[in-house]
Amino acid sequence: MGSVVTGVIGLKKFAYDLWGDKVNLASRMESHGIAGTIQVGETTYQLLKDKYLLEKRGLIKVKGKGKMMTYILKQINLKV
């Protein structure tokens, strides 16, 4: 999966933030996605494929990762 680091920044005005490779990947999935859909990569697809209906979107170029296979969440499988 990968690690994520969180922290509070600031002395007078506080802000909470997240850093890490998985945070960056999630941001890329959102920014390269299709409006109104949920897009996931191969690893998430493998975890969700038995519970949800996902449709292969295809390869997209992701900054810092190269080409990645992506999938779009279509509907929840009611046979959970």
Side-chain angles (χ1 to χ4, degrees):
M1 291 291 166
S3 62
V4 173
V5 177
T6 66
V8 177
I9 305 167
L11 297 173
K12 294 184 180 186
K13 182 177 179 179
F14 298 109
Y16 182 78
D17 206 352
L18 299 165
W19 303 271
D21 185 54
K22 296 303 175 187
V23 175
N24 292 338
L25 181 55
S27 176
R28 301 290 193 282
M29 287 292 110
E30 189 274 332
S31 65
H32 290 77
I34 300 168
T37 67
I38 297 173
Q39 175 175 261
V40 298
E42 184 69 35
T43 302
T44 303
Y45 169 76
Q46 292 300 327
L47 293 169
L48 299 179
K49 69 181 181 178
D50 295 329
K51 295 181 181 173
Y52 300 92
L53 177 61
L54 295 114
E55 180 178 280
K56 185 185 272 189
R57 177 179 180 201
L59 291 171
I60 63 167
K61 188 174 180 182
V62 178
K63 180 180 175 185
K65 296 289 184 183
K67 291 183 179 179
M68 294 185 66
M69 184 59 65
T70 58
Y71 301 83
I72 301 294
L73 178 66
K74 298 307 274 185
Q75 77 180 51
I76 297 173
N77 182 356
L78 300 176
K79 296 185 280 181
V80 175

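What you see is a predicted model; the values in this text were computed from it and never measured.
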Chemist: Once salt bridge (Lys or Arg N to Asp or Glu O under 4.0 Å) is applied, what residue pairs with a partner in residues 9-19 remain, sequence neighbours excluded?
Modeler: none
Chemist: List for me each residue that meets side chain to side chain contact (heavy atoms under 4.5 Å, CB included) alongside Ile60, sequence neighbours excluded, and say none if there are none.
Modeler: Met29, His32, Gln39, Arg57, Val62, Thr70
Chemist: Tell me the salt bridge (Lys or Arg N to Asp or Glu O under 4.0 Å) pairs involving residues 23-47, sequence neighbours left out?
Modeler: none
Chemist: Scan residues 53-74 for pairs that pass ring pair (Phe, Tyr, Trp, His ring centres under 6.0 Å), counting only residues two or more places apart or in two chains.
Modeler: Tyr45-Tyr71
Chemist: Between Leu47 and Ile72, is there shared hydrophobic-cluster membership here, with clusters defined by ILVMFWY side-chain heavy atoms closer than 4.5 Å?
Modeler: no
Chemist: Please name all residues satisfying side chain to side chain contact (heavy atoms under 4.5 Å, CB included) with Ser27, sequence neighbours left out, ordered by chain then number.
Modeler: none
Chemist: So which heavy atom on Leu54 is nearest to which on Val40, and how close?
Modeler: CD2-CG2, 3.7 Å
Chemist: Could you pull out all residues at least two apart from Leu18 that satisfy side chain to side chain contact (heavy atoms under 4.5 Å, CB included)?
Modeler: Val4, Thr6, Tyr16, Val23
Chemist: Is Ile34 linked to Ile38 within one hydrophobic cluster, defined over Ile, Leu, Val, Met, Phe, Trp and Tyr using a side-chain heavy-atom separation of less than 4.5 Å?
Modeler: no
